[in-house]
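Below you'll find the structure, written out as C-alpha cells, and then a few comments.
In what follows, chains carry the letters A, B, and so on, assigned in the order in which the sequence lines appear, proteins first and then strands, with residues in each chain numbered from 1.
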Amino acid sequence: MADERQTEAEPAIELVGLRRVYGERAALEGVSLETPVGSSLVVLGPNGAGKTTLLRILATLLRPTEGEVRVLGCKLPDEAWKLRGKIGYLGHEPLLYRDLSGRENLRFHARLHGITGAAAEARIEELLEAVKLAHRGDERTYEFSAGMRQRLAICRCVLHEPELLLLDEPDSNLDIEGREIARTLLGPGLGHTRVVVTHDPERHLPDADQVLRLEVDEPAAVS
Amino acid sequence: MTPSRTAFAAILGKDLRAELRTLQSLPAMALFAVTSFVIFRFGLNRTSLSGGLAAGVLWATLLFAAVLGINRLFVAEREEGGFDAIRLAPIDRSVLFTAKVAALIVYLLVLELIAVPIFAVFFLNSARALPPLAMVLVLADIGLAATGTLISSMAVNSRARDLLVPLVLLPLVVPLMIAATAASEPLLLLGGVSYHRFGTWLMVLGLYDLIFALLGYAVFDFLLED
C-alpha cells in the first residue's frame with residue numbers, strides 16, 4: 001500500500017557490522033552500507049565470499065549472527081513478518097513446482113501473496129506474454145528448459161509488484177532475448193530498489209549506483 | 001498479510017493437484033495395505049478375525065501404509081524450493097502445517113476407502129462394524145496427520161529422512177494406536193458389534209488429536225526458521 005512504502009529520506013537497506021557464521025566459518029564479516037530507495041546495489045565477489053548469504057539475509061530467509069539489518073524500514077529478524085510480500089527474490093532455485101504448469105505455479109504464488117480472481121489472471125497473462133511463454137503456460141514446468149524456467153521465475157519474482165528486488169545471477173541460463181526480457185521486467189529504471197549479485201560486472205556495473213565487493217576472509221568494500 | 005484461508009486453499013490445492021498428477025504417495029500406500037492384508041490372510045490361515053486380533057491387523061497395516069505418505073509429505077517443498085517460497089510470502093507460516101495436515105487426512109481417507117472394504121471382505125463376517133469404525137478412523141487420522149506432519153517437517157532436511165520418520169513417529173503414535181485399537185476391538189467382535197468403553201476411547205483419541213494439533217501449530221513457525 002502506498003502509505004506503507006518507504007520514503008526516499010530513509011535508506012532502503014541499512015547494514016551495520018553484519019556478520020553471519022556457519023558453524024565456525026564466517027560467511028560474512030562486518031558488512032556495513034546504506035542503499036537509498038530506488039537505487040541499484042551490485043554485489044561482486046568470488047565463490048564463497050558470502051554474496052548469496054547476504055541476499056538470503058535481506059530476504060529474511062537467514063538470520064544474521066551479529067550486526068544490525070534494516071530493510072525497507074523493518075528491523076531484521078524481529079520485523080521480518082512486515083517485510084515479506086515487499087520483496088521479490090530470484091535465487092539459484094526458481095521456486096517452481098515441476099508437476100504444476102507455468103500458469104498454475106504463478107497462480108499458486110499469486111494466492112500466497114493475496115492476489116486472487118480476475119486481478120491474478122490478468123497479471124499472470126501479462127507476465128507470461130512479457131516473457132514469451134503464454135503459449136507454453138499450460139505445460140508442466142519439468143518440460144521447460146533451464147532458460148524457460150528462469151523466465152518463469154522472473155515472473156514469479158515480480159508477480160506481486162515488490163518494492164525491493166533481490167536478484168542472484170538474474171541472467172543465468174538466459175539467451176540474448178531472455179536477457180532483454182529480464183531487463184524489461186527487473187529494471188533498472190522501474191522504481192524498484194535492486195540488489196544484484198553477479199559474476200558479470202560488464203553487464204551490470206553500468207546500472208549500479210553502488211557496488212559492494214565481498215572477498216573471502218577480507219573486509220567488504222563499498223564504492 | 002494474505003488471509004490464512006486463501007493461503008491454506010492454495011497450498012492444499014497445490015498438493016492435491018500434484019498428487020493426482022504424479023500418484024507418488026497414494027498408490028504406494030494402498031498397495032502396501034492390500035498386500036499386507038493378503039499376507040495376513042494366508043499367513044494367519046484364517047478367513048475371519050475377531051476383536052483385538054482384527055483391530056491389530058487393521059491398525060498395524062494402516063499405520064505403516066501411512067508412514068509411506070508421511071515420508072513424502074514435504075519432499076516437493078524441499079526439492080523444489082517450496083519452503084523458501086512460503087517463507088517469502090506474507091502469510092502465517094502455520095498455514096503450511098494446517099494445509100499439510102489436511103492433505104495427509106485426505107490421503108488417509110482415500111487409503112481407508114480402498115483398504116477397509118478389502119479388510120472387511122477378507123476378515124469380517126458382516127459390514128455392521130463399518131459405520132462406527134468410520135468414527136474411529138477419522139479421529140485417528142487427525143492425530144496421525146498432525147503428528148506425521150510435524151515429524152515429516154523436521155526430518156525432511158535430513159538425508160536419513162526415510163529412517164528418521166518411522167524412528168521418531170512410531171513411538172509418538174503408540175498412545176494413538178492403543179486408543180484406536182481399543183476403540184475398534186469391541187466393534188470387530190465376531191459375535192456382533194459391542195460399544196463397551198467405545199466413548200471413552202473416542203475421547204482419548206480426541207484428546208490426542210487436540211494436543212498434537214495445538215503442539216504442531218505452536219512450534220511449526222520455529223521449525224521453518226533457518
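The existence of a salt bridge linking Asp84(B) and Arg56(A) is confirmed by a sub-4.0 Å separation between a basic side-chain nitrogen and an acidic carboxylate oxygen.
Judged by distance alone, with hydrogens and angles left aside, the side-chain atoms of Arg98(A) form no donor-acceptor pair with the main-chain N or O of Glu80(B) at under 3.5 Å. Not one N or O on the side chain of Arg84(A) forms a donor-acceptor pair closer than 3.5 Å with the backbone of Ile91(B).
Counting heavy atoms of neighbouring residues, nucleotides and ligands inside a 6.0 Å radius, atom CD of Glu14(A) exceeds 12 of them.
With values rounded to the nearest 0.5 angstrom, Asp15(B) atom CG is found 8.0 Å from Phe108(A) atom CZ. A distance of 8.5 Å separates CG of Leu166(A) from CG of Leu88(B), quoted to the nearest 0.5 Å.
Residue Ser101(A) touches chain B through its backbone alone, counting heavy-atom pairs closer than 4.5 Å.
Contact detail for Leu100(A) and Arg17(B): the closest heavy-atom pair is CD2-CD, 3.8 Å.
In this structure, the side chains of Arg21(B) and Arg140(A) come closer than 4.5 Å at one or more pairs of heavy atoms.
Across Ile86(B), Asp92(B), Thr6(B), Val95(B), the residue that shares the most heavy-atom pairs under 4.5 angstrom with chain A is Thr6(B). For the options Leu96(A), Asn105(A), Thr60(A), heavy-atom pairs under 4.5 Å to chain B are most numerous at Leu96(A).
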Decide side-chain contact (heavy atoms from CB on, under 4.5 Å) for Tyr97(A) and Glu79(B); before the verdict, give the C-alpha distance in whole Å, the side-chain angles of both, and the deciding distance to 0.1 Å.
CA-CA 9 Å; Tyr97(A) 291 102; Glu79(B) 293 181 353; over 6 Å; no
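The side-chain hydrogen bond (donor to acceptor under 3.5 Å, both in side chains) test applied to Glu29(A) returns Arg19(A), not counting sequence neighbours.
Of all residues in residues 109-139 of chain A, those placing a non-hydrogen atom less than 4.5 angstrom from a non-hydrogen atom of chain B are His109(A), Arg111(A), Leu112(A), His113(A), Gly114(A), Thr116(A).
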